Peer 1: 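Take this structure first; my questions come after.
Quantities reported herein were computed from a predicted structural model and do not represent experimental measurements. As the structure lists them, so they are numbered: ligands from 1, and atoms in each ligand from 1.
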Amino acid sequence: MISMFGWKGKTLQVNLGKSKAVADRYETSLAKNFLGGRGFAVKTLWDRLKPGINAFSPENILVFAAGPLSGFALPSSSKLVVAAKSPLTGGYGDGNVGTHAVVQMRKAGYDAVVVEGRAEKPVVLLVQDKNAEFLDAKDLWGLSSFEAERKLKQLHGLAAGIVCIGQGGENLVKFANVVSQEGRAGGRPGIGAVMGSKNLKAVVFVGSGDLSAAHPKEMKDLGAEAYRDVLTKPNYAFWKRQGTMSTIEWSQENSVLPTRNYSEGVFEKAEAIGGFFMEKVKVGNRGCPHCNMTCGNVVRDSNGKESELDYENVAMLGSNIGLGDLGHVAALNRTADEFGLDTISLGNVIGFAMEASEKGLINEKVPWGEFDQTESLIEDIAYRRGLGDTLAEGVRSASERIGRNSNRWAMHVKGLEISGYDCHAAPAMALSFATCSIGAHHKDAWVISWEVKVGRESYGEEKVDKVIELQRTRGGIFESLTVCRLPWIELNFELEWYPKFLHYATGLEITWDDLNLIADRVLNLIRAFWIREYGKGWSKEMDVPPARWFEQPTTQGALRGSKLDRAKYDAMLQSYYRRRGWDERGIPTRATLKKLGLNDAAEELKNCVRLYE
Ligand code: SF4
C-alpha cells in the first residue's frame, strides 16, 4: 500500500451507469513502475479493458491521470493526461491538456480518475475533495466547450478546474478532444468523443487539500530557482513573443510546412501566417498553470473573437488547406476549439476533402483556401451533416468510403491524422510519425529539427537511435511525469532538473536510467495494447507512413523532387524494431516484455494471437 510523498496514492473509480464513485488506494508498485500520467493510463487500460470492445461502448474506460510533479510550483508542471481506447484508431489513445483541473484533482486527493459505464442522461461529474456528485447536464448539452465551462465556473467558482467537451464530442466526431480554459485542448484520438459516448459533458474538480512533498523546503527553493533559470534562458524573450509560431517560418525555410494536404512542403503565403506577422496582431499570452513560458498567442480573429494560436493549428488550418490569411485561420481555430475538435486532424481531413473535391471524387465543392465554406464545413463536421459526417469519421475512414485510390494521399498512420510536418525529405521524422504510440503525432519524437541539422538524406542508424531516445524522453518520461517538454526543447532547460524535482517531491532516488526503463515499460505496454486490439490484423504496414511521401515527389521549393525511398525506409524500420527488441512485425519479443517486468503482457499476447509460435 502506498504511503509516500509526491503521489497522493489514491484514484477515484467512477461508474457512470451506477452513479457511483469510490476512492481507491493503489499499490506502491504502480507508482514506482509507471510513474503517473500516460503510465497509469496504459496500465489501467491494459489491466481492465476487455480487448475488442467498441470504443463507444460503456465498457470503454476513460482515464484522467496526473503525475507525481503535477500541481507543485515547478515550471510547466501542470498537464493532465486523458486516455481511452481510441474510436479513431482502434488502439491506445491519449493526449495531455495543460489545465487547472489537474491541480484541483490532486488537491482533491487523487492522482487519477477512472471512468467507466455510461450515464443514462448527460451529466457533469463534480469531484469536490472526498465528495463526488453526478449533476444533471441537460442545460449544458448542446453548448460549446467555452460556454459550458463558463456556466460551470459560475456555479462552482472561478478556481474550479474543469475539462469538458463541445458539440463535436457529443456527436461522436472521432477526433473530438477534451477542452479546458477556453483554448487548451488534448486527446486527439477522440477522447472527447469517448466522453460524449458516456454522456459525460464535463468533469469539475474543486480541491482544498495540500500536496505534500518529501522535502518541502528544498522543493520550494528548487522550484523558485528553476523558474528563475527559465527566465535567464537566451531564447526566453523571443519565445514569449512568438511561442511555437516561429516554426512556420522555420518549416517554410526547410521545406517541411504541410501544404495542400502534404503535397508540398512550402506555401506561397507562409509569411502571412507566420510568427512575425502574428506578432503584429497579437493581443496577449495565455498558458497552462504553473508555467512562466505561457505560449498561447492570443489574436483577434476575423470574426472579432479571441483565438489562441500555435504552430500546429496554424499550419494545419492554414497552409495545409491553402489558407493564407491569419485572421481567417484564427477564426477556424477558435471555431474548432469551441466545438471541441482537434485542430490537427481537422486541418488534415479538410485538406483531404479539398483535394478530393479538386480531383472530382466528391460532389461537394470545397475549394482550397476558401474561408466561408471551410467554416461551414467545420460546423457540418461537428454536427455530422452531409460531407461533414464522412469527415467526422477521420481521414482513414473517409478515404475508404471515397475509394478510387484516395488512400494513397489520405495522410494518417494507424488512423490518426498526421500532424504539422511534411516528410517527403525527412525519413527520421517519417519514422517518428509511423512509430508514435498513438498514431501519427509529433509529440513522442519531434526529431525534425535535429534531422534538418544532421542531414536529410540518411536513413542510418543514428537516426533510428535518435527517434528512440526522443520517444523515451518525451513519450515515456514527460508524458508519465505529466510535465511540459517545451522548457527543455525550446529553451534548453536542462533534463537534470527532473530527477531532482522527483527526489524532493517523492523522497526517492530515481535516476535518469530508472526513468528510461520506466519509459520503455510504458511504451512497450502501449505497443502490446495495440497488438492485442488488432490481433491478426496487425502487420508492419501499421508502422509505415502514407504512400504519398513515397510516390508523389514535391514540385516546389529548394527540395522539389524529393520523396522517401521505400526500400531504405523498410530497412530503417527493421533496424528500429531490432533496437527496440521487437520482432520483424514490430511485436515485442517475450524476452523484451519480461525484461521490463511485463510478464502478463507476454502471456496475453501469446494467447491472443498465437504470436510466438
Ligand atoms: S510552455 Fe506552453 S504548453 Fe507548455 S506548459 Fe507552458 S503554456 Fe503550456
Peer 1: Among V178, I191, V204, find the one that has a side chain to side chain contact (heavy atoms under 4.5 Å, CB included) with V163.
Peer 2: V178
Peer 1: Any side-chain heavy atom of H290 within less than 4.5 Å of one from V103?
Peer 2: yes
Peer 1: Apply the salt bridge (charged side-chain N to carboxylate O under 4.0 Å, His left out) test between D94 and each candidate in K79, R188, R38; give the one that qualifies.
Peer 2: R38
Peer 1: State if K79 counts as touching ligand 1 under the rule of any non-hydrogen atom under 4.0 Å.
Peer 2: yes
Peer 1: Report, as a single number, the protein N, O or S atoms less than 2.8 Å from atom 2 (Fe) of ligand 1.
Peer 2: 1
Peer 1: Ring pair (Phe, Tyr, Trp, His ring centres under 6.0 Å) with F339: which residues, sequence neighbours excluded?
Peer 2: Y383
Peer 1: After noting the C-alpha distance and the side-chain angles of Y26 and F40, does the key distance pass the ring-ring contact (aromatic ring centres under 6.0 Å, His included) rule?
Peer 2: CA-CA 11 Å; Y26 60 80; F40 277 18; 5.3 Å; yes
Peer 1: Could you check whether K443 pairs with E479 (Lys NZ or Arg NE/NH1/NH2 to Asp/Glu carboxylate O, under 4.0 Å)?
Peer 2: yes
